[in-house]
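Just so you know, these numbers come straight off a predicted model, no measurement behind them. Just so you know, residue 1 is the first one in the sequence shown, and it goes up from there. Values reported hereafter were calculated over all heavy atoms of this structure, with side chains retained and with hydrogens, waters and symmetry mates removed.
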Amino acid sequence: MAQTVSVGELGLPQLELLKGQLEQLKVVQTKFVEAKECLNVLHKGNEGKDLLVPLTSSMYVPGKLQDTRTVLVDVGTGYYVEKSADDARAFFKRKIEFLTRQMEKIQPALQEKHAMKQAVLEMMTQKLQQLTAAQGVPAGAKA
């Protein structure tokens with residue numbers, strides 16, 4: 001069962017990890033947006049047109065667009081589901097909305113924690129400068 005943890009109770013390492021995961025969510029969201037936009041070329045007028053089919057991120061083979069009604073959608077962990085173009089659009093829309101809601105939940109807390117971290121660092125810097133000035137040691141000198 002999933003455990004709920006308040007972002008306010010997390011330490012700095014956990015917050016950095018959460019920040020990295022937020023960035024990953026943004027990347028995934030962008031991929032879903034791009035996939036949804038790619039569905040716009042699937043219309044009857046494009047059937048039979050030549051296209052390049054990616055084999056890897058840097059290698060393509062020529063192909064022809066045969067079926068504009070159905071697509072294979074990666075639903076995660078290597079599973080693909082055949083869907084109509086409209087169902088695929090709805091799927092991507094739901095995924096984008098879900099990721100947006102998750103990011104909107106996390107971002108304000110992360111921004112608050114980041115601001116608190118900056119305030120603590122500024123205070124530490126001021127205290128260090130006051131301490132070194134009181135001891136008569138130049139601020140840039142090392143002991």
Got [X] and [Y] here, is their nearest side-chain heavy-atom distance under 4.5 Å?
| X | Y | result |
| --- | --- | --- |
| Leu52 | Val61 | no |
| Val71 | Glu82 | no |
| Asp67 | Leu42 | no |
| Phe91 | Val73 | yes |

Exercise. Looking only at heavy atoms, which two atoms of Gly63 and Val53 are closest? And how far apart?
Worked result: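 Reported closest heavy-atom pair: CA-CG2, 4.3 Å.
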
How long is the gap from [atom1] on [X] to [atom2] on [Y], to the nearest 0.5 Å?
| X | Y | atom1 | atom2 | answer |
| --- | --- | --- | --- | --- |
| Lys31 | Ile96 | NZ | CD1 | 14.0 Å |
| Tyr80 | Asp74 | OH | CG | 4.0 Å |
| Glu37 | Asn40 | CD | CG | 7.0 Å |
| Leu25 | Gln107 | CG | CD | 10.0 Å |

Exercise. Aromatic rings Phe92 and Phe32: how do their planes relate, parallel, tilted or perpendicular, breaks at 30° and 60°?
Worked result: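 If you compare the ring of Phe92 with that of Phe32, the planes turn out tilted.
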
Exercise. Do Asp50 side-chain atoms and Lys64 backbone N/O form a donor-acceptor pair below 3.5 Å?
Worked result: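 Flag not set: sc Asp50 to bb Lys64 has no pair under 3.5 Å.
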
Problem set entry | Donor-acceptor under 3.5 Å (Arg89 side chain, Leu39 main chain) |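 Yes, the answer is positive, given that a donor and an acceptor are paired below the 3.5 Å cut-off.
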
For this session: Could you check Lys93, Lys95, Arg94 and say which one makes a salt bridge (charged side-chain N to carboxylate O under 4.0 Å, His left out) with Glu97?
Result: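 Testing each of Lys93, Lys95, Arg94 against Glu97, the sole residue satisfying salt bridge (charged side-chain N to carboxylate O under 4.0 Å, His left out) is Lys93.
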
Problem set entry | ILVMFWY network linking Tyr60 to Leu55, side-chain heavy atoms under 4.5 angstrom |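 No; Leu55 is not reachable from Tyr60 via cluster members.
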
Exercise. Would a hydrophobic clustering, with Ile, Leu, Val, Met, Phe, Trp and Tyr connected at side-chain separations under 4.5 Å, put Val120 with Leu131?
Worked result: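 Looking at the clustering, Leu131 is in a separate group from Val120.
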
Exercise. What do the steps show when you test Lys83 against Thr70 for side-chain contact (heavy atoms from CB on, under 4.5 Å), and what is the final call?
Worked result: CA-CA 5 Å; Lys83 292 183 173 282; Thr70 60; over 6 Å; no

Problem set entry | side-chain contact (heavy atoms from CB on, under 4.5 Å) between Lys127 and Met124, intermediate numbers included | CA-CA 5 Å; Lys127 293 288 184 186; Met124 287 175 60; 5.7 Å; no

Problem set entry | Residues in salt bridge (Lys or Arg N to Asp or Glu O under 4.0 Å) contact with Lys26, at least two apart in sequence or another chain |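 Only Glu23 meet the salt bridge (Lys or Arg N to Asp or Glu O under 4.0 Å) criterion with Lys26.
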
Exercise. By salt bridge (Lys or Arg N to Asp or Glu O under 4.0 Å), which residues pair with Lys49, not counting sequence neighbours?
Worked result: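 Lys49: no salt bridge (Lys or Arg N to Asp or Glu O under 4.0 Å) contacts found.
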
Problem set entry | Arg69 and Glu47: CA distance, side-chain angles, deciding distance, side-chain contact (heavy atoms from CB on, under 4.5 Å) verdict | CA-CA 10 Å; Arg69 293 180 309 272; Glu47 267 189 27; 4.0 Å; yes

For this session: Show your reasoning for whether side-chain contact (heavy atoms from CB on, under 4.5 Å) applies to Gln29 and Thr100.
Result: CA-CA 8 Å; Gln29 183 188 40; Thr100 301; 2.5 Å; yes

